[in-house]
Amino acid sequence: MTTEKFVQLEDQYVANIYHPLDVVIERAEGVWMYDVDGKRYLDCLSAYSAVSQGHCHPRIVNALIEQAQKVTLTSRAFRNDQLGEFARELCELTGYEMTLPMNSGAEAVEAAVKAARKWGYEVKGVPDDQAEIIVCLGNFHGRTTTVISFSSEPAYRRHFGPFTPGFKFVPFGDMDALVDAVTPNTVAFLVEPIQGENGINLPPAGYYKFAETLCRRENILLIADEIQVGLGRTGKMLCSEHDEVRPDIVVLGKALSGGVYPVSAIVADHSILGLLNPGDHGSTFGGNPLAAAVSREAMRVLVDEKLAENAAEQGEYLMQRLRRIESPYIKEVRGKGLLIGLEVTADANGARRFCEELATEGILCKETHSTVVRFAPPLVITREETEWLADTVETIFARIEARDAEAAGHPVVSS
Ligand SMILES: *Cc1c(COP(=O)(O)O)cnc(C)c1O
């Protein structure tokens with residue numbers, strides 16, 4: 001089948017909730033993806049950071065196959081021989097006492113909300129149904145009805161109400177607003193250490209540590225949504241480590257399985273997760289042996305291949321190279337590790353056309369919030385590949401600038 005045919009099929013039969021580039025991927029390996037015509041692309045999205053370990057990592061795929069031939073699903077009605085070891089290894093990797101495994105990221109966020117509320121009622125003593133959770137403007141925590149109840153993005157909410165109450169907004173990075181938002185009923189502050197979907201936004205220095213200190217003082221749980229920034233992406237195993245913050249609850253997903261299977265989890269200490277009892281929560285697939293086996297191998301790959309270290313090294317190099325590009329269309333390059341956002345200027349006519357042009361050169365990027373090109377390749381990327389990426393981005397910006405100048409009747413004469 002041709003690319004056009006695949007695109008037409010999808011558009012006809014699949015609910016139209018995304019705006020994908022019309023590249024039809026057939027197979028992938030490491031940082032590379034191949035379309036149905038055999039054209040090769042460097043993946044700079046990594047499935048929103050889920051394939052940090054690289055596409056189809058042989059060790060993770062092997063773990064999947066081996067476990068699939070033994071047992072895939074028992075439900076939590078019975079025990080399985082993978083869950084306990086998965087939990088111990090995840091706790092050791094992240095430095096927490098317990099975990100609650102789920103499947104998608106949004107489900108793990110929901111689990112964090114429930115755990116925090118329960119803690120609020122049973123430990124903090126908040127009156128029934130009065131718990132408040134503070135969230136940030138511009139957040140992204142997923143798409144379930146409760147999670148969009150605390151989104152500030154109109155497009156995520158329109159015609160999906162009524163919404164779940166109990167959430168209060170503060171501007172991301174604003175310390176005074178955070179202090180003012182606290183009431184005796186506040187049970188948690190839910191935050192992304194770096195806002196991913198909102199354009200790779202970093203808070204001001206000291207903000208995150210300030211938030212932690214405030215939470216301790218006011219007896220509020222700090223919940224870090226590290227679904228996108230966690231597990232090595234920013235150059236540390238947890239992004240919170242950059243600020244020496246230890247959240248009370250960390251939400252993980254995406255790279256927790258290396259993109260091979262949906263696996264998410266929250267981690268916290270016994271003082272929080274120990275409050276949950278049979279009947280409080282559940283998931284047919286959460287903690288299944290296939291998920292556990294895949295995730296165990298995905299975590300080992302992160303450690304064995306020193307992927308956080310590589311993210312720090314290649315990320316620093318890429319950021320430096322992107323910042324050196326001289327283009328009237330680049331407003332700012334920001335990020336941490338291999339989570340980098342290149343914001344285009346108002347004159348640039350949006351980020352998408354840069355993504356489309358990059359695709360013709362074999363680089364797949366996705367714009368976020370229409371003005372930011374995100375560079376988040378798998379963490380296994382080599383220096384050579386990173387150099388090629390930077391060179392190509394430079395070429396593309398020059399090409400588009402020249403083309404626009406020509407279209408405007410002011411051709412850029414190369415010297
Ligand atoms: C992707 C993401 C989610 C949602 O994860 P899903 O698996 O798509 O439900 C939540 N929070 C953050 C920060 C994310 O990047």
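Along the sequence shown, the residues carry numbers beginning at 1. In each ligand, atom 1 is the first atom listed, and ligand 1 is the first ligand listed.
Side chain of Asn139 to main chain of Phe150: a donor-acceptor pair is present (N/O by atom type, distance under 3.5 Å, no hydrogens or angles).
For atom 7 (O) of ligand 1, the nearest protein heavy atom lies closer than 4.0 Å.
Each of Val31, Ile381, Ile25, Val51 was checked for a side chain to side chain contact (heavy atoms under 4.5 Å, CB included) with Asp43, and the lone residue meeting it is Val51.
At least one N or O atom of Gln228 sits closer than 3.5 Å to an N or O atom of ligand 1. For ligand 1, none of its N or O atoms has an N or O atom of Ile227 under 3.5 Å away. Every N/O-N/O distance between Gly142 and ligand 1 stays at or above 3.5 Å. At least one N or O atom of Lys254, backbone or side chain, sits closer than 3.5 Å to an N or O atom of ligand 1. Considering both main-chain and side-chain atoms, Phe140 comes within under 3.5 Å of ligand 1 through a nitrogen or oxygen pair.
Sparse packing is recorded around NZ of Lys331, with 12 or fewer heavy atoms of other residues, nucleotides or ligands lying under 6.0 Å away.
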Test salt bridge (charged side-chain N to carboxylate O under 4.0 Å, His left out) on Glu357 and Arg399; report intermediate values, then the result. CA-CA 9 Å; Glu357 192 74 23; Arg399 183 190 298 167; 2.9 Å; yes

Verdict with supporting geometry, Glu332 and Arg323, salt bridge (charged side-chain N to carboxylate O under 4.0 Å, His left out): CA-CA 8 Å; Glu332 190 186 26; Arg323 280 183 172 153; 6.0 Å; no

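Annotation: the span from Leu307 atom CG to Gln314 atom CD amounts to 11.0 Å, rounded to 0.5 Å.
Taking a cut-off of under 4.0 Å to the non-hydrogen atoms of Ala106, the atoms of ligand 1 that pass are 4 (C), 5 (O), 6 (P), 9 (O). Annotation for ligand 1: atoms under 4.0 Å from non-hydrogen atoms of His141 are 10 (C), 11 (N).
From the protein, the heavy atom lying nearest to atom 5 (O) of ligand 1 is Gly105 CA, 3.3 Å.
Note that Lys39 lies in the cation-pi zone of Tyr41, set by a 6.0 Å cut-off to the ring centre and a 45° limit from the axis.
Under 4.0 Å from ligand 1, the heavy atoms of Glu192 that appear belong solely to its side chain.
Side-chain contact annotation: Tyr121 with Arg117, donor-acceptor N/O pair under 3.5 Å absent.
Of the candidates Leu252, Asn103, Asp225, the one placing a heavy atom closest to atom 11 (N) of ligand 1 is Asp225.
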